[in-house]
Amino acid sequence: MMRFFFGSIIFLFLLIGCDDTFNPKGRYDEKMAVYFILSAKSDTQYVRVYTTYNPSGYDPLENPADTPLRDAIVTLRESNSAGQFPAGTSSFQFRDTTLQRENTSRYSSSVIVYVYYPLKIKKGRSYSLSVFSPKYGQATSIITMPTQGSINATSFDILEPWRSNEGLLRLSIGLSPITKGYQVKFFIDYDVFIKDVGWKGQRVEIPQIILSGTDLTDMKAVYPKLIKRVSTGSGSGTVASYPFSVFAKIIYFLRQTYQPDDIRFKQAVLLLIQTESELYNYVSVVNGFFDPKSIRLDLPEYTNIRGGVGLFGGFVEDSVKYDLPSDFGFGK
């Protein structure tokens, strides 16, 4: 009887001391959130500095207001030495400003950013980011930008896609040793005449596959994505191909959209985008689990911000251009 009594007491204490409450939100710690993508294509650089937030419910999109951090000190340093920033290296201190928000479906307020102009990012240089807040302390990160790359068409039927015997425009690239991810793009630049405005430049991207559609407005297509490099050398050989039938169809769509005298073709542009490792890792992790055949309840994160969360990354671009006759595609 005594053994049963003590056993019952122990079971009762275990039952009272057990808390099976499930909280899907988990623990919340307010942190500084920093987002900065270095771009060598612009001489104006923007940094967004925010704080994380804890919505009242379980949907993060229900947060009613943006959470910018207005008292941050943002500093960027540039160095010729990979990952080394000795005394005397170039330093740039950003100032705060506001930008008009293009999408106001969630937040209607202006976008608070930190900006530096003019600041032309250089290929192959290392950059150190420091963001200091009196409340949240210091957040830091370091990246190295890719060096010069190259992109070329291995077949030169780009000016006469309708006469191509091969049927494919093949592209080859050369990559920087620093590059972890790359993406290729194929554009056509042209001018269109707009009444009361004059000639205005336009650009259309050529897809690799056209899935459906009878014109540019309802076309569904497949374009090259950001992919991981597979070679250790600088050259990657043929990395992409475009059927000339797709190229010719886009030109046909353009010719059907405008009157012959209202469109002037200018050039074909082959573009190579190279990303350093941090930006590629972020894109790969955040977008790598959207599989239509499986279910994943968690949203994976990637950050390289020490002392906070967010991303400091960068990319560079290299291109080659081929002049096109202004009447390109007539009678085809």
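Other residues, nucleotides and ligands contribute only 12 or fewer heavy atoms inside 6.0 Å of the OH atom of Y117. Within a 6.0 Å radius of CD in Q100, other residues, nucleotides and ligands contribute 12 heavy atoms or fewer. Within 6.0 Å of NZ in K120 there are more than 12 heavy atoms belonging to other residues, nucleotides or ligands. K31 NZ: 12 or fewer foreign heavy atoms inside a 6.0 Å radius.
Of the possible polar contacts, none joining the T179 side chain to the P146 backbone as a donor-acceptor pair under 3.5 Å is found. Without hydrogens or angle criteria, S128 side chain to R77 main chain gives no donor-acceptor distance under 3.5 Å. Between the N281 side chain and the S284 main chain, no donor and acceptor come within less than 3.5 Å of each other. Y114 contributes a side-chain N or O that, together with a main-chain N or O of A72, makes up a donor-acceptor pair within less than 3.5 Å. Not a single donor-acceptor pair under 3.5 Å links the side chain of E278 to the backbone N or O of T275. For the pair E276 (side chain) and G313 (backbone), a donor-acceptor distance under 3.5 Å is absent. At distances below 3.5 Å, at least one donor-acceptor pair connects side-chain atoms of T257 with backbone N or O atoms of F253.
Looking at P224 and Y242, their side chains come closer than 4.5 Å, going by heavy atoms from C-beta outward. In this structure, the side chains of L279 and L311 come closer than 4.5 Å at one or more pairs of heavy atoms. Residues K249 and M219 form no side-chain contact, since every pair of their non-hydrogen atoms from C-beta on lies 4.5 Å or further apart. No side-chain heavy atom of R264 sits under 4.5 Å from any side-chain heavy atom of F193. Side chains of Y223 and K185 form no contact here, defined as non-hydrogen atoms less than 4.5 Å apart. Counting heavy atoms from C-beta outward, L76 and L38 have side chains that approach closer than 4.5 Å. Under the 4.5 Å side-chain criterion, counting only non-hydrogen atoms from C-beta, I250 is in contact with P207. Looking at heavy atoms from C-beta onward, Q256 lies out of side-chain contact with D215 at the 4.5 angstrom threshold.
Contact detail for P86 and S79: the closest heavy-atom pair is CD-OG, 4.2 Å. P177 and T147 make their closest contact through CD-OG1, 3.8 Å (heavy atoms, listed as atom of the first residue, atom of the second, distance). The two residues L171 and A153 make their nearest non-hydrogen contact at CD2-CA, 4.2 Å. The two residues I37 and G314 come nearest to each other via the heavy atoms CG2-CA, 4.5 Å. The heavy-atom pair separating R125 from N80 by the smallest distance is NE-OD1, 2.6 Å. S133 approaches M32 most closely through the heavy-atom pair CB-SD, 4.0 Å.
Taking the six-membered ring for Trp and the full ring otherwise, F328 and F265 have centroids separated by under 6.0 Å.
Not counting sequence neighbours, F315 has no partner by the ring-ring contact (aromatic ring centres under 6.0 Å, His included) test.
Side chains of Y127 and E78: a donor on one and an acceptor on the other come within 3.5 Å. The closest side-chain donor-acceptor pair between D318 and Q148 falls under 3.5 angstrom. For the 3.5 Å distance criterion, the side chains of R48 and Y50 qualify, holding a donor opposite an acceptor. Side-chain contact check for T140 and S130: no donor-acceptor pair (N or O, by modelled atom type) lies under 3.5 Å.
Among the candidates K200, K266, R203, the single residue satisfying the salt bridge (Lys or Arg N to Asp or Glu O under 4.0 Å) test with D191 is K266.
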Worked check of side chain to side chain contact (heavy atoms under 4.5 Å, CB included) between F247 and I188:
CA-CA 9 Å; F247 179 23; I188 296 296; 3.5 Å; yes
Go through the steps to decide whether Q45 and F94 satisfy the test side chain to side chain contact (heavy atoms under 4.5 Å, CB included), and finish with yes or no.
CA-CA 9 Å; Q45 308 299 324; F94 288 55; 4.0 Å; yes
Walk me through it: do V74 and F36 pass the test side chain to side chain contact (heavy atoms under 4.5 Å, CB included)?
CA-CA 11 Å; V74 179; F36 188 10; 5.9 Å; no
For L226 and I273: C-alpha separation, side-chain torsions, deciding distance, then whether side chain to side chain contact (heavy atoms under 4.5 Å, CB included) applies.
CA-CA 8 Å; L226 178 68; I273 301 172; 5.7 Å; no
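Hydrophobic clustering, with ILVMFWY side chains joined whenever heavy atoms are under 4.5 angstrom apart, keeps L168 apart from I209. A continuous path of ILVMFWY side-chain contacts below 4.5 Å connects I305 to V131, so both sit in one hydrophobic cluster. Two different hydrophobic clusters hold V113 and V49 under the rule that ILVMFWY side chains link at heavy-atom gaps under 4.5 Å. Placement of F312 and F92 within a single hydrophobic cluster is found when ILVMFWY residues are connected by side-chain heavy-atom separations under 4.5 Å, directly or transitively. Criterion: ILVMFWY side-chain heavy atoms under 4.5 Å apart, direct or through other members. Under it, L324 and Y258 are part of a common hydrophobic cluster.
Here the straight-line distance linking atom CD1 of I194 with atom CD of Q202 works out to 6.0 Å at 0.5 Å rounding. In this structure, CD1 on I173 lies 12.0 Å from CG on L270, to the nearest 0.5 angstrom. Atom CD in Q208 sits 11.0 Å away from atom CZ in F186 (nearest 0.5 Å). Rounding to the nearest 0.5 angstrom, the gap separating the CD1 atom in I73 from the CZ atom in F132 is 6.5 Å. With rounding to the nearest 0.5 Å, the separation of CD in Q183 from CG in L272 is 9.5 Å. Here the straight-line distance linking atom CG of D262 with atom OH of Y190 works out to 12.5 Å at 0.5 Å rounding.
Within the structure, the salt bridge (charged side-chain N to carboxylate O under 4.0 Å, His left out) test picks out the following pairs touching residues 85-107 (sequence neighbours left out): D66-R101.
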